[in-house]
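Reminder, nothing fancy here: chain letters follow the sequence lines and each chain counts from 1.
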Protein chains: 2
Amino acid sequence: MSTPSSRADARSNRARIVEAARDAIAAAAPDEELRLNAVAQKAGVGQGTLYRHFPTRADLLVEVYRHDVDDLVALAPVLLETEPPLKALAHWFDRVANYARVKRGVFAALEASVWKDLSAHSLGPIGDALTLLLDAGRATGDIRPDADAHDVIVLIAFLTRLDESEWDERARHLLGIVLDGLRVRVAD
Amino acid sequence: MSTPSSRADARSNRARIVEAARDAIAAAAPDEELRLNAVAQKAGVGQGTLYRHFPTRADLLVEVYRHDVDDLVALAPVLLETEPPLKALAHWFDRVANYARVKRGVFAALEASVWKDLSAHSLGPIGDALTLLLDAGRATGDIRPDADAHDVIVLIAFLTRLDESEWDERARHLLGIVLDGLRVRVAD
DNA sequence: ACCTGAACACCGTTCAAGT
DNA sequence: ACCTGAACACCGTTCAAGT
């Protein structure tokens with residue numbers, strides 16, 4: 001996916017924009033919107049240059065968190081090698097929660113890219129990772145067959161909204177409830 | 001809560017603002033933001049007048065949907081009179097979903113007012129209705145004891161985000177998963 | 001090819017002047 | 001007391017002119 005851009009300055013600009021955006025997100029208040037003009041200024045480029053490289057806000061956010069998302073995606077198969085599917089899913093949820101806590105923007109970007117992908121009838125790499133986990137759980141009969149990756153993404157999107165102050169007491173607890181909802185119910 | 005405003009024109013202005021906002025929301029695209037200046041213009045009042053009556057955007061939205069929210073709140077005890085708690089909760093979810101589908105703004109306002117209330121360590125009337133339903137379910141041993149109204153509000157907030165096109169296939173299905181997560185698990 | 005930054009459009013919010 | 005609407009502030013977005 002490396003865009004071998006024809007000019008060195010273009011590549012350097014692109015890198016500086018991403019860096020400036022990362023800094024701006026880290027410095028900003030929890031749910032403060034990323035101000036694109038400020039990013040351009042910090043990066044030392046014109047606004048038009050930012051738009052040339054990242055036509056939409058989501059494009060920029062996705063790039064900023066590309067590595068984090070990649071890590072998350074790569075984790076799914078690794079977990080499945082050493083744990084039963086249900087436990088793997090639980091651990092994956094934990095990891096998602098961690099990312100989302102440290103930098104709220106990760107999940108915002110994840111949501112943005114997923115929504116974009118939804119129109120294209122694909123769930124993106126995160127959807128693939130989830131499908132892997134859900135399929136494994138279905139195979140062992142632990143996870144209900146009528147829940148897909150799309151469902152789970154929508155259900156755990158609340159992580160974006162949780163307030164910093166209530167994170168510790170609520171994030172894992174709520175993910176636990178969702179996990180229980182995804183499990184196959186034994187007859188009652 | 002009736003503010004017996006000292007001037008007739010003030011009351012009439014307030015009413016016209018609410019009416020204009022309702023119309024604007026009904027006419028606007030699904031997730032289009034409500035433009036306050038446009039509301040003021042439609043209502044035939046100055047922008048300052050709108051701000052005098054509704055200092056924040058949430059204040060206005062809450063007022064627009066006051067009756068809908070009241071209905072939702074009043075429904076909870078009625079359901080509990082004729083149905084077992086778990087079924088009552090399921091039906092209440094259905095009703096919430098209906099409101100949210102027809103006018104997406106209902107739920108946005110509900111969320112806004114709840115977030116406001118959260119700071120004040122209260123969950124508002126919606127939280128009270130939910131507490132009623134959850135308590136009843138706990139008493140019969142159907143609903144897990146470690147889930148409160150706050151949890152449920154956060155969990156079903158996804159209704160705000162669902163796209164019109166996927167509503168029918170997804171809203172009830174996802175609410176069902178949440179409901180299962182809220183049930184007490186029989187030993188497995 | 002790519003970049004710059006002035007300029008435009010759009011909204012939210014305030015406040016001095018009116019009634 | 002309450003209202004008006006011009007004015008300000010702020011951002012996103014475009015595009016003619018530069019290199």
Q: Taking salt bridge (Lys or Arg N to Asp or Glu O under 4.0 Å) as the test, write out the residues that go with B:D59, two or more places apart.
A: B:K116
Q: Give the residues of residues 15-26 of chain B touching DNA chain C, defined as any heavy atom closer than 4.0 Å, sorted by residue number.
A: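 The stretch gives none, as no residue of it lies under 4.0 Å from the strand.
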Q: Any side-chain N or O of B:N13 less than 4.0 Å from the OP1 or OP2 oxygen of D:dC3?
A: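 So the side chain of B:N13 is within the cut-off, an N or O lying under 4.0 Å from OP1 or OP2 of D:dC3.
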Q: Rounded to whole angstroms, how far apart are CG on A:L34 and C1' on D:dG12?
A: 12 Å
Q: How would you summarise protein contacts on nucleotides 13-19 of chain C per nucleotide, using B for base, S for sugar-phosphate only and - for none, with heavy-atom distances below 4.0 Å?
A: BBB----
Q: For B:D70, enumerate each residue passing the side-chain hydrogen bond (donor to acceptor under 3.5 Å, both in side chains) test, keeping only those at least two apart in sequence or located in another chain.
A: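 By the side-chain hydrogen bond (donor to acceptor under 3.5 Å, both in side chains) rule, B:D70 matches no residue at all.
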Q: Quickly work out the A:Q41 CD to D:dC10 P distance and round it to whole Å.
A: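 These atoms are roughly 13 Å apart.
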Q: The side chain of A:A10 is closest to which nucleotide in this list: C:dC11, D:dC3, C:dC2?
A: C:dC2
Q: For A:Q47, give me all partners under side-chain hydrogen bond (donor to acceptor under 3.5 Å, both in side chains), at least two apart in sequence or on another chain.
A: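 With sequence neighbours excluded, A:Q47 shows a side-chain hydrogen bond (donor to acceptor under 3.5 Å, both in side chains) to no residue whatsoever.
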Q: Mind listing the side-chain donor-acceptor pairs of residues 154-162 of chain A below 3.5 Å, one per line with the distance, residues two or more places apart or on another chain?
A:
| unit_1 | atom_1 | unit_2 | atom_2 | d |
| --- | --- | --- | --- | --- |
| A:T160 | OG1 | A:E111 | OE1 | 3.4 |
| A:T160 | OG1 | A:A157 | O | 2.9 |
| A:R161 | NH1 | B:E111 | OE1 | 3.4 |
| A:R161 | NH1 | B:E111 | OE2 | 3.4 |

Q: Are B:L72 and B:V96 packed together at the side-chain level, in the sense that at least one heavy-atom pair is separated by less than 4.5 angstrom?
A: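 Side-chain contact under 4.5 Å: yes.
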Q: For A:L50, answer base if it contacts any base atom (sugar-phosphate contacts may also be present), sugar-phosphate if it contacts only those atoms, and nothing otherwise; contact means non-hydrogen atoms under 4.0 Å.
A: nothing
Q: Does C:dG12 have OP1 or OP2 sitting under 4.0 Å from an N or O in the side chain of B:R35?
A: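 B:R35 to C:dG12 OP1/OP2: no side-chain N or O under 4.0 Å.
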Q: Sequence neighbours left out, what pairs pass salt bridge (charged side-chain N to carboxylate O under 4.0 Å, His left out) with at least one residue falling in residues 74-95 of chain B?
A: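 For residues 74-95 of chain B, and leaving out neighbouring residues, the salt bridge (charged side-chain N to carboxylate O under 4.0 Å, His left out) pairs sorted by first residue read B:D94-B:R172.
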Q: Side chain of A:R35, backbone of A:A24: donor and acceptor closer than 3.5 Å?
A: no
Q: A:R170: what forms a salt bridge (Lys or Arg N to Asp or Glu O under 4.0 Å) with it, not counting sequence neighbours?
A: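 By the salt bridge (Lys or Arg N to Asp or Glu O under 4.0 Å) rule, A:R170 matches B:D148, B:D151.
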Q: Would you mind listing every salt bridge (charged side-chain N to carboxylate O under 4.0 Å, His left out) that reaches into residues 43-56 of chain A, with sequence neighbours excluded?
A: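 Those involving residues 43-56 of chain A do not exist here.
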Q: Just N and O in the side chain of A:H53: are any of them under 4.0 Å from OP1 or OP2 of C:dC3?
A: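 Yes, such a contact exists.
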Q: Using atom types as modelled, flag every donor-acceptor pair under 3.5 Å from a side chain in residues 131-140 of chain B to any protein atom, sequence neighbours excluded.
A:
| unit_1 | atom_1 | unit_2 | atom_2 | d |
| --- | --- | --- | --- | --- |
| B:T131 | OG1 | B:G127 | O | 2.8 |
| B:D135 | OD1 | B:R138 | NH2 | 2.5 |
| B:R138 | NH1 | B:A147 | O | 2.9 |
| B:T140 | OG1 | B:A136 | O | 3.4 |
| B:T140 | OG1 | B:G137 | O | 3.1 |
| B:T140 | OG1 | B:D142 | OD2 | 2.9 |

Q: From CZ of A:R52 over to C1' of C:dA1, roughly how many Å is that when rounded to an integer?
A: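 That distance rounds to 7 Å.
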Q: In whole angstroms, how far is the P atom of C:dG12 from the CZ atom of B:F54?
A: 15 Å
Q: Using the test salt bridge (Lys or Arg N to Asp or Glu O under 4.0 Å), find all partners of B:D168 that sit at least two apart in sequence or belong to another chain.
A: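 In terms of salt bridge (Lys or Arg N to Asp or Glu O under 4.0 Å), with neighbours along the sequence ignored, B:D168 is linked to B:R101.
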Q: Can you give me the dot-bracket string for DNA chain C, 5' to 3', counting Watson-Crick and G-U wobble pairs with both distances under 3.5 Å, using [ ] for crossing pairs and | for partners on another strand?
A: ||.|||||...|||||.||
